[in-house]
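Order of listing sets the numbers, starting from 1, for every ligand and every atom in it.
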Amino acid sequence: MIDDMLRTPEAIRDAERWTAHNYHPLPVVISSAEGSWLTDVDGRRYLDCLAGYSALNFGHRHPTLIAAAHAQLDRLTLTSRAFVHDQFADFCRELAELCGKDLVLPMNTGAEAVETGIKVARKWGYQVKGVAPGMANIVVAEGNFHGRTTTIVSFSTDEDARADFGPYTPGFTVVPYGDLAALSAAIDENTVAVLLEPIQGEQGVVVPPEGYLPGVRRVCTERNVLFIADEIQSGLGRTGDTFACDHEGVTPDMYLLGKALGGGIVPVSAVAANTDVLGVLRPGQHGSTFGGNPLACAVATEVVRLLATGEFQRRSTELGARLHAGLRSLVGRGLLAVRGRGLWAGLDIDPALMSGREACERLAERGVLAKDTHGSTIRLAPPLVITEEEIDHAVAQLAAVLAG
Ligand SMILES: *Cc1c(COP(=O)(O)O)cnc(C)c1O
């Protein structure tokens, strides 16, 4: 095929012409997908090693999820929470059971789940803990990524995410990630919650030192502070467990979930917690027009059922071991370091060789899609339906890119 017959260049020009430039996508234009594979407008195929930042843990168009969506589209799509619909109870009960919590509050995007967690923690602080009016604070970690709302970027430490979006929401204290002593020292009598990612995805799949999460759990319990785990990216099978917290046997007071909960079909997020926490909300105090809608519930219930089998967690553990072994073999051959757990990896490429962006562009030319996070760090998060052969293929392509 000669170049000017390709549809990709024009499709990219059109996309750039008509959108705000808040993303810098790789130069591929996708038109269809199945399982772990994407096809572009020119018929080229790519192995998906990003999986929508973990929104596609079950792969593209998982048959069970697509069937649930189709069936629900033909019955009922939206009611608002002004009325109860017949998909709501099963979703809430089954997700609550998966989380080991009493209650669930459904929202749409991850950022809304985080906002919900913040609001619930503050209300809990005033009504249950007895914090003086307007004084509540929440301890968060350096390098965090919790979303893009004005409140959430107020406590981001990424200047790109934060600069020029002030005035900033007060009430947050930032401490180094993985440093239990610093976290403990930051807690005072007005602290209502500690909000953390159990593994920092956006920061480059940063795993905290062993014992940190159990330590945070202990300190939160001792000081009567809620432990909010943002498992929006790390949860729902990605790390080889249902939740990244499970790996260290830690149970937070609140789970924040999103991304994979929508099965790669619709945005679905949720907060799960016990009655003593989520029970502080009364009618009119919080809500969402689309949160918990019938289509979202129908798809997400099937997501929860897929996770309840344990199959995807098992795949992530087993295939993750293979992925990490392959990546470790490249340390010293273009990679400086590899981090992660399960089918989730952050790679630091030797910056003398190339940037993360360049590596991802070269991978794309070789039919593998991944995404840089910062500088020379890239993240791999393939769908959990990926096969051993496909993992070996991705590692081989990365080796070839690094070898120049
Ligand atoms: C993606 C993400 C969010 C925000 O989710 P959106 O659906 O993009 O609003 C929050 N926290 C973490 C850890 C995430 O990875």
Does the plane of the ring in Y255 sit parallel, tilted or perpendicular to the ring in F243? Use 30° and 60° as the thresholds.
parallel
Side-chain donor/acceptor of E231 to backbone N/O of C245, under 3.5 Å
yes
By salt bridge (Lys or Arg N to Asp or Glu O under 4.0 Å) - contacts of R357 (at least two apart)
E361
Ring-ring centroid check F155 Y168, cutoff 6.0 Å:
no
Which N/O atoms of ligand 1 sit under 3.5 Å from a protein N/O, and at what distances?
unit_1	atom_1	unit_2	atom_2	d
ligand 1	7 (O)	G110	N	2.8
ligand 1	9 (O)	G110	N	3.4
ligand 1	9 (O)	A111	N	2.8
ligand 1	11 (N)	F145	O	3.4
ligand 1	11 (N)	D230	OD1	3.4
ligand 1	11 (N)	D230	OD2	2.7
ligand 1	15 (O)	Q233	NE2	2.7
ligand 1	15 (O)	K259	NZ	2.6

Salt bridge check: are R13 and E10 linked by an N-O gap of less than 4.0 Å?
no
How close do E94 and T301 get, counting heavy atoms only, and between which atoms?
OE1-CG2, 3.8 Å
